[in-house]
Amino acid sequence: MANVFKLEELPGPIAVVTFDTLEKKVNTLGHAVLEELGRLAAQLEKRSDLKGLLLRSGKPGQFIAGADLNELGALVYLPKDQVKAALLEGHQLFDRISNLPFPTVSLIDGPCMGGGTELSLAMDERIASDSPKTRIGLPEVTIGLIPGWGGTQRLPRCVGLNFAIEMICSGEPVTPQKAAAIGLVFDVVPADRLVDEGRRLVEYLQTSGEWKKGRERRRQPLGMTEDQMRFAFACAEGQIKLKTKGQPSASLIALKSLQGGVNLPLDEGLAVERKVADEVIGSENSANLIGIFFMNTALGRDRGVADERVQPRSVRRTGVLGSGLMGAGIATAHARSGIPCAMVDVTDERLADGMSRARKVVESRIEIGRASPADMVQLLSFLSTSTSSSLFADCDVVVEAITENEKLKTQAYRDLANVMRDDAILATNTSTISITRMAQAAKRPERFVGMHFFFPVDRMQLVEVIRGEKTSDETVVTIVELARKLRKTPIVCNDCAGFLVNRILMPYMNEAILLLLEGASMDQIDRAATRFGFPMGPIALHDLVGLDTAFYAGKVMAAAYADRTVETPLLGKLVQTGRLGKKSGAGFRKFVGKQGTPTADPAFALFLEECRTASRTITDEEVEDRLLLAMLMEAVRTLEEDIVREPMHVDMGLILGIGFPPFRGGLLRWCDNVGAGRILERAEKYASLGKRFEPTAEFKAMAQSGKKFYPIPKLGR
Ligand code: NAD
């Protein structure tokens, strides 16, 4: 028995049920908890003497976080009929609660999410605390699910169709004030007044008879006209499709449940919800997205070193060397997070460019209402600039972001040694140069580390923290903590060419070029990637990041992984003639008009003809296989070489760094889902193309033993 509900009585008599999973930080609705709630409901149904019931949490500022995600994630391993039965049990339980023989009020203090909101909606009324932690939401779609315990039917009957669509399809929670404005809660009061106000509300509902009238109202269809329905759902569907660009979307499924059920009596609407929910509950996509939720949580706690005693140094001031594309972005991130930052470059003009880039970041946020003029004031007061590195004398960390040239960088390190404090950390934003090798030029190699941000810095969440052979644990944890202060997600990896993300990305990019030269078309290649779920295809990505950047990075990778990299002359030729991609107006495609729309370019055909190796028909299946398998085989090697410590580092690195489709759960989880054995069969077909498709011995053994990168979670029932 879960032992999480305590029943007390106040004069009236009014029952007060306190929900508290003592051994956990938050209350969740797992199988055992629901069983206990069922027994409690059975007991309460017989209490005709009660005048009302209040439900509250025993954890101040923590109401109900929702269903138990461990159990939801494990549903994918249960037979379909068991999943269906679980859904029905939930509906029956919430139905009983909604029919208790007295008025019921939920007292919400702290986050009230998913199943917690559905439980509260099954009650007659809700009061929320005015605590800044209180939020009410149905975030199911963000993990590939839909509200499946009545949320899609009870919410519209409570707040109206439009607000319900907004809350359910965005998954965004609302503040208590908004909840009160839309009628989701009756009132907002200080947390310590919740029980008293709850009692008053119960008494009012009882004496006015409003609780019975309310129940009767909510059992009815919403009563929308056909035109109203058509308009509301067409708008919502259009918006969702615009955002998801054809990718699988639980929001569209939620919409189906709303559309099918709101104009029916409640019990029939609930039956529609069960039927629709069946499409997503226990699906692979939702298990993948739940997996990402857990990986994100684990990454948020990952310090990147094994020794728990190592403490980060405090970072009060920072410096950035170089005010170019990356330097200005990195300095902006520090200033926006309230860390004073000095930006140094070789000329005042470059610094002025850097400052204008910094201002642009905040200006564009002000334009969309995500920042205020006060944020601009903060940015400008926390950023200082100079052409002299003497500004770095009192910095705890300096991030070097100058031109990608080893000689220039190592000379800069020697110069910085005369300025920086001995205990300060020097981090480099290099994308390709060895950290271990460059550390030799730093005065203190143990305080030298890679801190690899991605472009554009203000929008990309990932930061690779790369330890060289001599980098100390203290340096690593300090940079990890600094990255978190910048609201980034740091992933610690060991030094190798390409580090984590680019090492795995480059084989995919190169494979796209090889496919093109063998006869696949650009559109076919890009379509295969977007169909899999990537935000754009590898050819389009080349044009976006710049062909020169890809060419240079490709050279470094080809030198480091010569046994499995096939070099082609195509990128070199394009770069030589100034076709650098979008930034120069043409690359693989040409970019036309004010918007720079990518368009087929007949001039490109000449380059293609010159470099073509074959002209055969290539199937879509082969394109997808080769793009993904080239990546996967490299990812496996990265893991085996201990470049990262766990599969989640590979998967989250690719999701955050290159937009690997989250609904696939990550590259290694995709491999788990397909099955390593099946992957081996697919790779076998391309064995003659080279070593890049050759699985490692460890991977073969894994496939034979049936092991997975992620062990199957324990089933909750
Ligand atoms: P950039 O050319 O835009 O900027 C480089 C800046 O460094 C220029 O303003 C230049 O004047 C300045 N500089 C050069 N030598 C200097 C010195 N000795 N002292 C002070 N300033 C000096 O380059 P970028 O794109 O910002 O790249 C910077 C670094 O970040 C490189 O190591 C690059 O590999 C890495 N990086 C770039 C990207 C990207 O997408 N652009 C992504 C990740 C990492």
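For ligands, and for the atoms within them, numbers begin at 1 and follow the listed sequence. Please read all numbers here as calculations on a predicted model, not as lab measurements.
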Item to check | Donor-acceptor contact below 3.5 Å, side chain Asn510 vs main chain Val566 | outcome: yes
Item to check | Sub-4.0 Å heavy-atom approach of Lys409 to ligand 1 | outcome: yes
Checklist outcome for this item: Of all protein heavy atoms, the one nearest atom 3 (O) of ligand 1 is Leu325 N, 3.0 Å
Checklist entry - Would you say the side chain of Cys493 lies within less than 4.5 Å of the side chain of His649, judging by non-hydrogen atoms? => result no
Checklist entry - Is ligand 1 under 4.0 Å from a heavy atom in the side chain of Met326, in the backbone, in both, or in neither? => result both
Item to check | Six-ring centre of Tyr710, Arg669 cation under 6.0 angstrom, axis tolerance 45° | outcome: yes
Next on the checklist: Please determine whether any non-hydrogen atom of Ala401 lies less than 4.0 Å from an atom of ligand 1.
Outcome noted: yes
Item to check | Arg626 charged N/C atom sitting above Phe693 aromatic ring, 6.0 Å / 45° | outcome: no
Next on the checklist: Using a 4.0 Å heavy-atom cut-off, which part of Phe453 comes near ligand 1: side chain, backbone, both, or neither?
Outcome noted: backbone
Item to check | 4.0 Å heavy-atom contact, Gln411 with ligand 1 | outcome: no
Checklist entry - Between Pro456, Gly324, Ser431, which one has a non-hydrogen atom sitting closest to atom 33 (C) of ligand 1? => result Ser431
Checklist entry - Looking at atom 16 (C) of ligand 1, what's its closest protein heavy atom, distance included? => result Ile402 CG2, 3.6 Å
Checklist entry - atom 30 (O) of ligand 1: which of Leu321, Asp345, Asn429, Val545 has the nearest heavy atom? => result Asn429
